Amino acid sequence: MTRVNLNGEEVDVELTKWEFEKVKELLGREPNLTEIGMASVMWSEHCSYKSSRPKLKMFEDAEANYDYVLAGPGQDAGVIDIGDGYCLAFRIESHNHPSAIEPYHGAATGIGGIIRDILCMGVRPIALLDPLRFGSLKDNPHSQWLFKYVVKGIADYGNCTGIPTIGGEVEFDESFESNCLVNVACIGLGSIEDFKHAPSRAYNPGDYVILMGGSTGRDGIHGVTFASRTLTEMSEADRPAVQIGDPFTKKLIIEATLEAVKTGYVRGLKDLGGGGLTCATSELTGDGNTGAKVDLRKVFTREPGMNSYEIMLSESQERMTFIVKPEGLETVLDVFRKFEMNFAVIGRTDDSKILKVFDEKNLVVNIPSKALSESPTFKREEKKPDYLDDLLTQKTPKSSLGLDEIIYRLVASENICSKEWVYRQYDHEVGIRSVVKCGEGDSGVLRIIGTNKFIAASVGVNSKHCFLDPYEGAKGGLVEICGNIIANGAKPMAMVNCCNFGNPEIPESFWYFSQAVEGMNNFCREMRIPIVGGNVSFYNEDDVKKTAIKATPIIMIVGVIEGEDKIITLPFKKAGNDLFLIGETKAELGGSEYHSLIYNLQGGIPPKVNDKKAKATWDFLFDLYENDLVKANHDVNKGGFIITIAEMCFNNNLGAELKLKGCYDENLRDDEFLFSESVGRFIIETDPKDYKIIIKKAEKFGADIKKIGVLIPKPEINIKGLKLKELNLNIKQLKNLYDSTIPNLMEI
Amino acid sequence: MTVKLAVIQFAGSNCDLDTIHVLNNVVDGIEADLVWHNLFKESKYDGVILPGGFAFGDYLRAGIIAAHSPAIDEARVMLDDGRPVIGFCNGFQILTEAQFLPGALLRNDSLKFICKWVNLKVENNTTALSNKMNIRDVLAIPIAHAEGRYYTDNLKELEENNQIVFRYSTENGELTKEANPNGSLENIAGVCNLEQNCVGFMPHPERASEAILSPKRTTHGILFFNSIVEFIKRRIS
């Protein structure tokens with residue numbers, strides 16, 4: 001907050017002194033209160049990306065560099081051409097601050113917002129995915145409360161709108177205890193025609209501006225400026241800044257919008273999210289190089305007596321703005337009437353390049369339309385935190401536990417165990433597209449009805465790895481999330497990200513962001529994966545402990561599978577088949593679940609990505625897929641490769657006999673080999689008759705591969721060839737531990 | 001012969017398009033229209049399906065607002081002259097609220113929404129939704145609801161009149177507590193009226209009609225739709 005003198009009165013504004021002077025300069029006069037409010041919303045970190053934009057510039061060339069990218073960063077969603085006349089739109093966004101204060105409505109309106117972003121591209125939302133972060137659930141009623149109601153908020157909203165929640169990811173770590181993370185992703189599917197109909201800009205003078213959907217109330221005023229500060233004890237008082245969602249109205253908005261777009265008369269489309277009507281009107285006209293005259297009194301309000309400031313800044317949910325060709329006005333309004341939706345023609349575009357807002361006859365806002373949509377940026381200081389060097393040198397202590405005991409504990413850890421408690425509450429099948437469903441694979445796989453084409457999507461990152469090395473951690477996240485969809489047989493096509501970090505004004509926090517962005521950028525360029533969108537959430541800090549959350553650059557990857565027979569699934573299929581470990585295991589226990597669960601240790605050396613090896617592994621796998629040589633595949637993730645094998649045993653009553661002698665570097669300890677989280681590894685099941693051809697192909701591509709054992713028709717894992725001793729693990733017991741952790745913590 | 005079915009689209013229905021897809025593209029012998037709830041006219045159709053979803057947001061109580069839609073008055077004409085009136089999930093909730101079917105659907109005993117595949121045992125194979133099945137067949141089919149716990153004060157009457165059409169069971173057809181996903185009375189998943197032309201149940205046959213969507217590659221959902229066709233044919237002939 002800054003205190004400024006406005007027309008002779010002292011007022012507090014959510015702008016810096018410099019920004020306030022900048023507004024005066026742009027207008028050539030003193031702004032009024034409504035204009036100040038609009039500027040503070042549009043120039044908030046949340047809307048303007050003023051800290052992150054200088055860094056994110058490196059992502060901006062996706063449309064130019066990839067011919068299948070139809071919309072890249074800066075638009076409401078990334079859009080790619082997947083062939084056969086179809087396009088996919090997708091985006092991920094954070095709703096952390098509202099969810100930390102009011103988990104149910106915070107999460108629900110997060111879903112509502114991301115659905116609108118996809119709808120803006122003129123396509124049908126067909127899937128949701130939600131990466132979440134909380135403090136540990138154990139003995140922690142606050143974390144349990146947040147977790148329970150965030151999941152319920154997502155479920156109630158997503159289920160009602162008829163959009164399946166097909167995937168997600170949860171991590172529990174104390175750094176998220178008071179500042180949980182709720183990231184929400186949505187995928188839309190449509191024809192390329194539909195997408196081209198309705199860009200998110202008003203580029204034509206003379207078109208009608210229509211507001212459709214829910215009414216405008218006093219809820220959520222200044223939600224985005226609230227999201228651009230650190231949460232404090234005082235934040236409870238910000239609860240009115242959290243909006244309330246209405247999934248029923250949203251369902252009707254989806255149907256009415258898609259039907260309106262089909263008429264061909266909708267020339268521009270924008271949702272009202274953060275920043276409300278201010279954001280929608282100034283971005284539509286600013287990006288379209290037009291202006292508009294809007295009459296505020298046409299806006300249908302929920303309560304009487306709302307002033308221009310409140311109407312322009314309200315973040316009431318479930319509203320869309322349409323830019324409609326004059327000749328199509330009645331046709332479009334008839335669609336809204338059929339669905340019994342509220343609507344109002346609130347203005348018309350013109351070529352003035354100025355946004356004029358009237359309150360009846362009074363001109364209350366008179367701002368060049370680009371003034372708000374193009375905000376100033378800041379160059380932030382960055383500095384590597386001093387504590388990191390010490391953390392990186394931490395060694396694994398000696399443990400009195402046997403390796404088998406450690407494995408039983410790991411499989412039951414919050415971060416590894418089954419998330420069935422979560423996904424049973426999500427309708428993950430509505431839409432009849434879900435082919436690989438929650439719990440059945442590393443990613444969610446959807447069919448595109450009427451084709452033999454499938455899409456796969458996955459989200460996540462490892463926050464513990466990123467905490468120790470954000471550059472390698474972000475790259476590792478990409479390897480892991482790409483690995484998820486590759487394990488199901490899909491080729492990665494594009495990426496979007498959601499960067500969750502601390503206060504950018506603190507150099508150490510900004511360093512994490514800067515490093516992660518560079519890691520993502522370098523890896524994606526190397527692998528030719530376009531970055532088609534992103535969202536940044538700063539100010540994720542624990543005000544009591546004065547620490548930032550662990551850096552969490554969530555990554556979402558979508559890919560395509562050409563043909564039903566090319567879908568690979570996770571469970572082991574047949575006794576007698578071979579097991580291979582692909583990729584190299586290194587002594588990389590830093591940030592591992594093993595270190596944190598068994599020793600409560602955060603440090604050590606975290607995984608590092610070898611770009612060339614990762615590429616070789618992927619190319620090798622795709623070649624095996626081409627020749628139908630892979631029966632099951634699962635990428636190696638938290639807990640290390642032994643947990644991966646256990647998860648693959650859970651479904652079909654099979655077990656594994658592992659002979660590990662010679663399968664790993666002599667210098668590795670047993671625990672390093674078993675529990676290292678080195679990225680870019682996979683476990684595959686193959687037919688023994690194909691052994692030679694697989695080895696030959698691995699050589700050709702330069703992929704590391706070792707046969708580690710065979711499948712047996714008994715539910716146990718026998719491990720021979722370790723340095724210390726042989727192990728025998730009971731799969732029923734592992735599965736029981738894996739399944740019961742979250743129900744035991746939540747169902748008391 | 002092709003039978004003509006209407007799938008009613010209430011504000012908030014969300015399995016409407018899925019049901020239409022299966023009726024028109026997967027099952028033989030049906031031509032189905034998606035009809036907005038206050039535009040529905042019974043005279044054009046041989047039968048009607050109320051699909052799953054959250055009609056009118058399930059506000060007040062699941063199904064109760066939809067039960068007062070003009071579409072229900074039209075459907076009542078069909079109910080009275082013996083044409084099939086069928087409800088899946090939210091459609092079943094609407095049919096009980098409209099008192100086309102006995103009983104009520106309460107909040108699941110877990111108090112949570114549940115999305116999972118269950119097994120269904122056939123108890124009556126003469127209704128509009130089950131005449132292509134055998135008694136004691138066990139069918140694989142998914143559920144997805146928060147309010148599916150069936151309850152009635154007149155259990156004995158329902159049993160005597162053979163109005164219990166489906167029950168939740170194990171894979172082997174045992175009616176255990178574990179096989180009952182939502183705490184329904186006596187594992188009841190679906191019931192019919194006395195005339196057996198109106199049937200409602202909680203699961204989603206439209207999600208179980210194509211092998212690619214099914215965990216065990218079954219297509220049991222088709223049997224429900226084939227039963228509707230058969231019922232109409234028998235009624236006409």
Side-chain angles (χ1 to χ4, degrees), chain A residues 124 126 148 151-152 154-165 246-256 258-259 338-341 420-440 445-447 449-450 452 454 564 567 569 571 651 743 746-747, chain B residues 9-22 24-26 34 36-39 51-60 62 65-66 89-90 108 110-117 141-147 181 203-217 221:
Chain A
R124 176 176 287 279
I126 60 161
K148 179 176 176 183
V151 169
K152 189 165 168 45
I154 292 169
D156 283 359
Y157 203 104
N159 296 351
C160 184
T161 51
I163 304 169
T165 301
D246 176 0
F248 167 61
T249 304
K250 175 60 52 66
K251 168 70 178 157
L252 295 180
I253 289 178
I254 294 171
E255 300 306 328
L258 293 174
E259 204 165 307
K338 170 185 159 186
F339 288 95
E340 296 170 27
M341 295 309 299
E420 182 171 354
W421 186 89
V422 178
Y423 63 71
R424 282 282 164 253
Q425 299 185 56
Y426 299 153
D427 188 344
H428 48 264
E429 298 194 295
V430 62
I432 51 172
R433 296 185 183 88
S434 307
V435 172
V436 176
K437 306 179 215 277
C438 296
E440 292 180 357
V445 178
L446 301 172
R447 64 173 174 165
I449 296 171
N452 195 20
F454 297 80
E564 183 181 353
I567 299 171
T569 56
N651 277 25
M746 296 302 293
E747 307 281 319
Chain B
Q9 187 180 35
F10 295 103
S13 295
N14 67 23
C15 303
D16 46 346
L17 297 174
D18 301 355
T19 307
I20 282 285
H21 164 74
V22 172
N24 286 337
N25 303 327
V26 178
L34 184 64
W36 185 247
H37 70 104
N38 56 19
L39 301 175
F54 290 74
F56 302 96
D58 276 356
Y59 292 143
L60 212 56
I65 301 178
C89 197
N90 193 224
N108 297 344
S110 66
L111 303 180
K112 287 202 281 289
F113 189 96
I114 303 171
C115 177
K116 72 188 275 200
W117 280 69
I141 193 163
I143 56 163
H145 59 249
E147 279 132 2
H204 287 274
E206 78 280 9
R207 299 183 187 182
S209 298
E210 294 166 273
I212 192 170
L213 300 176
S214 162
K216 292 192 177 153
R217 300 288 170 256

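Just so it is clear, the structure is predicted and the values come from calculations on it, not from any experiment. Per chain, numbering begins at 1; letters A, B, ... match sequence-line order.
With chain B as partner, the option from A/Ile432, A/Val436, A/Ile163, A/Asp246 having the largest number of non-hydrogen pairs under 4.5 angstrom is A/Ile432. Ranked by non-hydrogen atom pairs under 4.5 Å with chain A, the options B/Glu210, B/His204, B/Glu206 are led by B/Glu210. Top candidate by heavy-atom pairs under 4.5 Å with chain B, chosen from A/Lys152, A/Glu420, A/Lys338, A/Glu255, is A/Lys338. Chain B forms the most heavy-atom pairs under 4.5 Å with one residue out of A/Val435, A/Val430, A/Ile254, A/Asp156, and that residue is A/Val430. Of the listed residues (A/Gly431, A/Gly450, A/Ala155), the greatest number of heavy-atom pairs within a distance under 4.5 Å of chain B belongs to A/Gly431.
Atom CG in B/Asp58 sits 11.0 Å away from atom CG in A/Asn159 (nearest 0.5 Å). The distance from atom SG of B/Cys15 to atom CG of A/Asp427, rounded to the nearest 0.5 Å, is 7.0 Å. Here the straight-line distance linking atom CZ of A/Arg433 with atom CD1 of B/Ile212 works out to 13.0 Å at 0.5 Å rounding.
Of all the heavy atoms in B/Leu213 and A/Glu429, the pair that sits closest is O-OE2, 4.4 Å. Residues B/Cys115 and A/Tyr426 come closest through the heavy atom pair CB-O, 3.2 Å. The heavy-atom pair separating B/Ser13 from A/Lys251 by the smallest distance is O-CE, 3.0 Å.
In this pair, B/Trp36 and A/Phe339 present their aromatic rings perpendicular. The plane angle is above 60°, beyond the 30 to 60° band.
Proximity to chain A is limited to the side chain of B/Lys112, based on heavy atoms less than 4.5 angstrom apart. With a threshold of 4.5 angstrom between heavy atoms, B/Tyr59 approaches chain A through side-chain atoms but not through N, CA, C or O. Looking at B/His145, there are no atoms closer than 4.5 Å to chain A (heavy atoms on both sides), in backbone or side chain.
B/Asn14 contributes no side-chain N or O that, together with a main-chain N or O of A/Thr161, makes up a donor-acceptor pair within less than 3.5 Å.
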